[in-house]
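Below, all heavy atoms of this structure are taken into account, side chains as well, without hydrogens, waters or symmetry copies. Order of listing sets the numbers, starting from 1, for every ligand and every atom in it.
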Amino acid sequence: MENKMVQCKSCGAQFEAALVRCPYCGSADAFAEEEEYMGQLEDIREDLEESGKEGEKRLKKGLGKVLGTAVITAAVIVLLVLLLFWVSAARQRSRARERKAEFLMEQGITTQQESTQE
Ligand SMILES: [Zn+2]
């Protein structure tokens with residue numbers, strides 16, 4: 001495989017394009033320098049990507065925390081609603097029992113008798 005040759009812009013000597021600097025005069029070749037610069041840019045891009053992933057992880061962790069809190073809050077609300085429903089149902093039952101007792105009293109039957117019969 002033949003290496004690509006470039007001409008030194010400073011001294012005019014031919015040298016391999018892979019070299020960053022001219023081996024004869026030490027002048028930096030524009031093409032090689034650009035490649036080096038692109039490599040550095042690539043490194044920076046990778047670093048940014050890496051920190052972006054880190055941020056994403058942190059965001060996901062935060063979201064998980066928020067979701068966990070939301071689930072707990074929802075569970076508490078559901079429990080409260082169930083409790084309220086149960087309490088109101090219990091009140092309705094006791095009110096119905098009172099009405100039944102009143103009705104029985106009106107009919108001349110005491111609840112005392114009923115309870116002894118049971
Ligand atoms: Zn040179």
Roughly how far apart are D43 CG and M38 CE, rounded to 0.5 Å?
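Between atom CG of D43 and atom CE of M38 there are 12.0 Å.
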
Within residues 49-67 or reaching into it, pairs that qualify as side chain to side chain donor-acceptor pair (under 3.5 Å) - sequence neighbours excluded
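Sorted pair list: R45-E49.
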
Measure the shortest side-chain to side-chain distance between C11 and C22 over non-hydrogen atoms and say whether it is less than 4.5 angstrom.
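Side chain of C11 against side chain of C22, heavy atoms only: contact under 4.5 Å found.
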
Pairing residues for E16 by the side chain to side chain contact (heavy atoms under 4.5 Å, CB included) criterion, not counting sequence neighbours
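In terms of side chain to side chain contact (heavy atoms under 4.5 Å, CB included), with neighbours along the sequence ignored, E16 is linked to N3, M5, L19.
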
Between side-chain atoms of residues 77-97 and protein atoms elsewhere (two or more places apart, or another chain), which donor-acceptor pairs fall under 3.5 Å?
{"unit_1": "S88", "atom_1": "OG", "unit_2": "F85", "atom_2": "O", "d": "3.0"}
{"unit_1": "S94", "atom_1": "OG", "unit_2": "R91", "atom_2": "O", "d": "2.9"}

Any idea how many protein N, O or S atoms are nearer than 2.8 Å to the Zn ion (ligand 1)?
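Step by step: take the Zn ion (ligand 1), keep protein N, O, S below 2.8 Å, and you get 4.
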
